[in-house]
2 protein chains.
Amino acid sequence: MVVDALTDEEVNRIFRALADATRRDIVRRTLLADISVSSLAHAYDMSFAAVQKHVAVLEEARLVTKEPRGRERMVRGVPERLRQAQRLLDDLELIWRARTDRLDALLSESPPPEKG
Amino acid sequence: MVVDALTDEEVNRIFRALADATRRDIVRRTLLADISVSSLAHAYDMSFAAVQKHVAVLEEARLVTKEPRGRERMVRGVPERLRQAQRLLDDLELIWRARTDRLDALLSESPPPEKG
DNA sequence: GTAACGTACAACTTTATGGTTGTAGATGCG
DNA sequence: CGCATCTACAACCATAAAGTTGTACGTTAC
């Protein structure tokens, strides 16, 4: 059952967000534990604003969420979104498998049971 | 056993390549069957050169390969590369699972067997 | 209250992306 | 051969991405 079909634009954002090593690292850290934007920023050799932007990209892709906690914003990874991304790759692989299955059928013992 | 660890740059290219609807469609088609660049180009409302560029991006990400066949270049999807991408997402999900497992352990019957 | 901290946001620069057109080189066909 | 097809590649344009600095504002701590 399809819970929520992703639009092309959403898929674009998800993969685009994952196409950067810093952002992938942020996803890793925020899956491990909630962490504030400033704590994240300390981990990388770039400005606070740059890290802030990376978090924003991840947030637009819904790969992380931000939750206010005092003066900080705690960032949290969203595993559901990762699973959605996996499904997209699964779907592609299924296409491949269908092709090989078709080929296997052709090469197997019996000729096609019906023909034109 | 790790067959071939991907560099950050390779991972970037893979996800970047997948972050475009046209390119994802090209991957689908080339997983289904080998198809020439010009045949691909007919399928989209853009110039041949544009499609050529998309194929080049996918080729640099090693998501497809090109094989000369007469005057055509047959494009073929590379399912192994998709599986590598899946593994990357799997690894991230594992991090999440480790976190929940830790939490489950804390919340389960017995208190931690050792403490500070 | 004031100072320090954490964040938000705007402006700007540089580089990459996604598209175009145009030209030229191979290959296949009549 | 001569022509159409398929591809490669360069040049160009518009827009987006990734980084910077600077400013402003809410929250916490003293």
Side-chain angles (χ1 to χ4, degrees), chain A residues 7-30 33-77 85, chain B residues 7-30 33-77 85:
Chain A
T7 67
D8 276 351
E9 258 313 306
E10 283 178 303
V11 179
N12 291 354
R13 272 195 284 267
I14 292 171
F15 285 127
R16 187 99 196 53
L18 291 172
D20 179 282
T22 300
R23 288 198 289 262
R24 285 192 300 275
D25 194 69
I26 291 176
V27 170
R28 272 181 224 110
R29 289 174 190 260
T30 59
D34 295 6
I35 180 171
S36 71
V37 178
S38 62
S39 294
L40 277 174
H42 289 311
Y44 308 106
D45 186 26
M46 66 183 75
S47 69
F48 173 83
V51 174
Q52 215 178 9
K53 278 194 187 182
H54 282 308
V55 171
V57 170
L58 290 168
E59 203 182 3
E60 279 163 36
R62 298 194 190 281
L63 283 163
V64 306
T65 58
K66 264 190 303 186
E67 187 185 352
R69 184 162 183 148
R71 64 184 161 186
E72 298 176 306
R73 304 300 148 111
M74 305 306 288
V75 185
R76 172 177 312 181
Chain B
T7 67
D8 276 350
E9 258 314 306
E10 283 177 304
V11 179
N12 291 354
R13 272 195 283 266
I14 292 171
F15 284 126
R16 187 97 199 54
L18 291 171
D20 180 281
T22 301
R23 287 197 291 261
R24 285 193 299 276
D25 194 69
I26 291 176
V27 169
R28 272 181 223 110
R29 290 174 190 260
T30 58
D34 294 7
I35 182 171
S36 71
V37 178
S38 62
S39 294
L40 277 174
H42 289 312
Y44 308 106
D45 187 26
M46 67 183 74
S47 69
F48 173 83
V51 174
Q52 215 178 9
K53 278 194 186 181
H54 282 308
V55 171
V57 170
L58 289 168
E59 203 183 3
E60 279 164 36
R62 298 193 190 280
L63 282 163
V64 306
T65 57
K66 264 191 302 187
E67 187 186 351
R69 184 161 182 148
R71 62 182 161 188
E72 298 175 307
R73 304 299 147 112
M74 304 307 287
V75 184
R76 172 177 313 181

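A note on names: the letters A, B, ... follow the listed sequences, proteins ahead of strands, and every chain is numbered from 1.
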Checking contacts here: which listed nucleotide ([options]) is nearest the side-chain heavy atoms of [X]?
{"X": "A/H54", "options": "D/dA18, D/dT7, D/dT21", "result": "D/dA18"}
{"X": "A/K66", "options": "C/dT20, C/dA8, D/dC6", "result": "C/dA8"}
{"X": "B/S38", "options": "D/dA4, C/dA4, D/dT7", "result": "D/dT7"}
{"X": "A/R16", "options": "D/dA17, C/dA8, D/dT5", "result": "D/dA17"}
{"X": "A/R73", "options": "C/dA4, C/dT7, D/dT7", "result": "C/dT7"}
{"X": "A/R23", "options": "D/dA18, D/dA4, C/dT7", "result": "D/dA18"}

(message) If I take atom NZ in residue A/K53 and atom C1' in nucleotide C/dG6, what distance separates them, rounded to the nearest angstrom?
(response) 18 Å
(request) Take the protein atom CG of B/D20 and the nucleotide atom C1' of C/dG19, then report the distance between them rounded to whole Å. (result) 11 Å
(message) I want to confirm an ordering. Mapping B/V51 and A/S36 to their closest nucleotides on DNA chain C, which one lands closer to the 5' end?
(response) A/S36
(request) For B/R23 and B/A17, indicate whether the former's side chain and the latter's backbone hold a donor-acceptor pair under 3.5 Å. (result) yes
(request) With heavy atoms under 4.0 Å as the rule, sort B/A49 into base, sugar-phosphate or nothing. (result) base
(message) Need one value for A/R69: base, sugar-phosphate or nothing, where a base atom within 4.0 Å counts as base even if backbone is also close, heavy atoms only.
(response) nothing
